[in-house]
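Worksheet: one structure, shown below.
Proteins come first, then strands; the chains are lettered A, B, ... in the order of their sequence lines, and each starts at number 1. Treat the numbers as computed from the prediction; the structure is a model and nothing was measured.
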Protein chains: 2
Amino acid sequence: MTPRQNRTRAERGIPEATVARLPVYLRALHTLQDRGVATVSSEELASAAGVNSAKLRKDLSHLGSYGTRGVGYEVEYLVYQISRELGLTQDWVVAIIGVGNLGRALAGYGGFASRGFRVAGLLDADEAIVGQQISGMTVEHIDRLEDVIAERGVSIAVIATPAGAAQKVCDRVVASGVTSVLNFAPVVLAVPDGVDVRKVDLSIELQILAFHEQRKAGGPGEHPLAGDGPPGTAQYVEAVQA
Amino acid sequence: MTPRQNRTRAERGIPEATVARLPVYLRALHTLQDRGVATVSSEELASAAGVNSAKLRKDLSHLGSYGTRGVGYEVEYLVYQISRELGLTQDWVVAIIGVGNLGRALAGYGGFASRGFRVAGLLDADEAIVGQQISGMTVEHIDRLEDVIAERGVSIAVIATPAGAAQKVCDRVVASGVTSVLNFAPVVLAVPDGVDVRKVDLSIELQILAFHEQRKAGGPGEHPLAGDGPPGTAQYVEAVQA
DNA sequence: TAGATTGTTAATCGATTAACAATC
DNA sequence: TAGATTGTTAATCGATTAACAATC
């Protein structure tokens with residue numbers, strides 16, 4: 001029926017799970033490079049990246065045959081191949097929308113520039129913030145959003161606004177032609193097909209940790225309330241009121 | 001061989017993919033609650049959460065049978081069941097280590113308190129930062145880390161230090177009995193079995209976006225350099241130097 | 001050649017999804 | 001009863017992993 005099912009591996013490209021790990025490998029390789037290491041085995045690199053070596057080799061095999069049997073991988077060459085695959089051999093122009101605490105932290109984050117991400121705009125709706133100097137840039141008014149995107153060739157928008165403002169901002173950047181959005185606002189953004197949204201949610205990460213922490217504390221199998229009755233039962237009412 | 005393979009579904013508990021989505025459902029339900037909605041169908045809730053309805057129903061079925069056929073789910077009851085499953089019916093004590101731009105943003109983030117996460121400590125190694133008031137708390141010296149964890153019952157550590165300091169800080173919080181760590185430092189932390197680490201990496205998220213953005217720009221199948229030769233070839237040397 | 005390590009195969013596992021019987 | 005919607009089944013898809021042939 002749908003062409004999706006008939007696509008070959010080559011057509012589908014690199015698996016998403018692999019793409020998500022490539023930056024991790026790249027970081028480990030940079031660390032090795034700084035230490036002057038020229039060659040690394042899959043076992044060593046996997047250990048530095050926190051994965052097992054079979055997964056690492058499988059991941060790298062999607063890019064091509066860049067290792068040497070009996071020897072390992074040449075660090076510099078692998079750095080180049082992964083960088084190229086990820087699109088890091090070119091610069092990407094980023095705009096940060098919302099210059100609160102988090103936006104400021106992002107504006108000052110050194111990890112962006114070093115990976116080819118150039119922050120070319122800081123925008124906010126608050127008149128008290130507009131005009132401030134942050135990390136060597138002047139915060140501009142959100143009214144200028146479309147102009148900034150067009151004039152500076154922004155291709156990635158970072159949304160760090162309050163939840164209530166995020167969807168409107170997103171609609172505007174998408175209307176301006178941006179198809180990659182990194183969203184820090186705690187809302188699910190609606191976007192048309194073809195637009196990629198990645199979401200970073202601090203509260204969600206803590207909630208996932210809490211789930212596991214609770215399991216540890218309670219011990220295995222400990223879920224005495226699992227059979228709770230429907231609303232109206234004594235158990236439920238008592239628990240909700242607690 | 002290993003008991004892992006013989007465990008039943010009940011023993012394994014709720015799938016990780018489901019656990020990661022429960023906080024998203026919870027947020028959507030809170031929004032509905034604020035709007036005064038009492039009952040919701042899987043179709044409506046799924047749409048608000050950005051997933052399809054089959055996945056939502058499957059996820060919720062892991063918690064129990066909390067819906068009513070022909071009707072839907074009662075919002076308040078589902079909020080309670082998901083909260084309980086995630087361990088949010090109790091408070092969790094959090095310490096933030098590293099009070100730079102990001103640490104400050106985290107300290108001031110309202111989304112923590114509202115979900116039962118209480119920030120009970122801000123610690124830093126920089127004498128210039130220690131003693132500062134941030135979001136109503138006094139930053140303490142990192143030397144006090146073990147005392148703070150023990151005295152205030154910290155069960156989740158948030159690491160927002162520079163990369164170079166993160167592993168040492170992690171070792172110390174783990175030695176103090178903390179088994180849940182949220183790591184913002186761009187390093188892979190080594191921890192013993194039984195310790196959960198979740199990682200938030202801003203640079204990695206941008207790199208994943210760049211990968212997809214590049215694919216769009218280049219169009220499908222456009223990878224002219226895919227056949228690059230090994231180190232030493234003209235193509236490679238030129239590209240690395242660029 | 002002997003030792004080491006990659007790249008690939010194949011088995012397994014877990015997640016997703018459509019479809020529909022159960023049931024309110 | 002008729003209409004609506006859940007909870008579950010089963011098929012499919014994608015990710016992980018151990019094992020090993022290929023090969024440096």
Side-chain angles (χ1 to χ4, degrees), chain A residues 1-22 24-25 37-75 77-78 81 226-227 229-232, chain B residues 1-22 24-25 37-47 49-75 77-78 81 230-232:
Chain A
M1 243 344 195
T2 125
R4 190 158 229 295
Q5 303 177 337
N6 298 328
R7 289 191 300 182
T8 66
R9 206 211 67 194
E11 286 167 323
R12 265 185 287 114
I14 302 180
E16 265 307 303
T18 296
V19 171
R21 283 187 295 265
L22 290 178
V24 180
Y25 302 153
V37 176
T39 293
V40 68
S41 70
S42 63
E43 197 69 55
E44 292 164 330
L45 182 54
S47 159
V51 302
N52 76 38
S53 65
K55 189 186 283 182
L56 174 81
R57 289 198 300 278
K58 184 79 163 161
D59 282 341
L60 294 184
S61 76
H62 289 113
L63 312 194
S65 276
Y66 297 139
T68 307
R69 290 169 201 237
V71 179
Y73 301 88
E74 192 186 320
V75 174
Y77 184 54
L78 199 51
Q81 289 297 346
Chain B
M1 252 329 203
T2 124
R4 188 159 230 295
Q5 303 177 336
N6 297 327
R7 288 190 302 181
T8 66
R9 205 212 67 193
E11 285 166 327
R12 266 185 286 113
I14 301 180
E16 265 307 304
T18 296
V19 171
R21 282 187 295 264
L22 290 179
V24 181
Y25 302 154
V37 176
T39 294
V40 69
S41 71
S42 64
E43 197 67 55
E44 291 164 330
L45 183 53
S47 159
V51 303
N52 77 38
S53 65
K55 189 186 282 181
L56 174 82
R57 289 197 302 277
K58 184 80 163 158
D59 283 341
L60 294 184
S61 76
H62 288 114
L63 312 194
S65 275
Y66 297 140
T68 305
R69 291 169 201 237
V71 178
Y73 301 88
E74 193 187 319
V75 174
Y77 183 54
L78 199 50
Q81 290 297 346

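- A:E43 comes within 4.0 angstrom of nothing in the nucleic acid, heavy atoms only.
- Partner assigned to D:dA21 is C:dT6, using Watson-Crick or G-U wobble distances below 3.5 angstrom.
- At the phosphate of C:dC24, neither OP1 nor OP2 sits under 4.0 Å from any side-chain N or O atom of B:Y73.
- Closest to the A:K58 side chain, of the nucleotides C:dA18, C:dG7, D:dT16, is D:dT16.
- The side chain of A:P15 lies closest to D:dA15, out of C:dT16, D:dA15, D:dT6.
- Going from atom CG of A:L60 over to atom P of D:dA15 covers 16 Å, rounded to whole Å.
- In this structure, CD of A:Q81 is placed 16 Å from C1' of C:dG7, rounded to the nearest angstrom.
- Computed from coordinates, the B:R57 CZ to D:dA10 C1' distance equals 15 Å when rounded to whole Å.
- Looking at B:R69, its side chain has no donor and acceptor atom pair within 3.5 Å of the base of D:dT5.
- The nearest pair of heavy atoms linking B:L56 to B:A46 is CD2-N, 3.9 Å.
- Distances shown here put a side-chain N or O of B:S42 below 4.0 Å from the OP1 or OP2 atom of D:dT6.
- Under a cut-off of 6.0 angstrom, the local environment of CD in B:E16 is crowded, with over 12 non-hydrogen atoms contributed by other residues, nucleotides or ligands.
- No option in A:D59, A:T18, A:L78 other than A:D59 meets the side chain to side chain contact (heavy atoms under 4.5 Å, CB included) test with A:Y25.
- Using a 4.0 Å cut-off, no side-chain N or O of B:T68 falls inside it from OP1 or OP2 of D:dT6.
- Computed from coordinates, the A:H62 NE2 to C:dT6 C1' distance equals 15 Å when rounded to whole Å.
- Within the 4.5 Å cutoff, no side-chain heavy atoms of A:Y73 are placed close to those of A:T39.
- When Watson-Crick and G-U wobble pairs are counted only if both distances are under 3.5 Å, D:dT12 pairs with C:dA15.
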*Assess whether side chain to side chain contact (heavy atoms under 4.5 Å, CB included) is satisfied between A:E44 and A:S47, documenting all intermediate values.*
CA-CA 5 Å; A:E44 292 164 330; A:S47 159; 5.8 Å; no
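- Between A:Y66 and A:Y77, the gap from one ring centroid to the other is short of 6.0 Å.
- For B:R21 and C:dT16, the shortest distance from a side-chain N or O to OP1 or OP2 is below 4.0 Å.
- Between the OH atom of A:Y77 and the P atom of C:dT6 there is a distance of 16 Å, given to the nearest Å.
- Among the atoms of the strands shown, only primed sugar atoms or phosphate atoms (P, OP1, OP2) are found under 4.0 Å from some heavy atom of A:A17.
- Atom CG of A:N52 and atom P of D:dA15 are 15 Å apart (whole Å).
- Counting only heavy atoms from C-beta on, A:K55 has its side chain closest to D:dT16 among D:dT16, C:dG7, C:dT17.
- Side-chain nitrogen and oxygen atoms of B:Y66 include none within less than 4.0 Å of the OP1 or OP2 phosphate oxygen of D:dT5.
- The CD-P distance, from A:E44 to C:dT6, rounds to 9 Å in whole Å.
- Looking at which nucleotide of DNA chain D each of B:G70 and A:E16 is closest to, the 5′-most match is held by B:G70.
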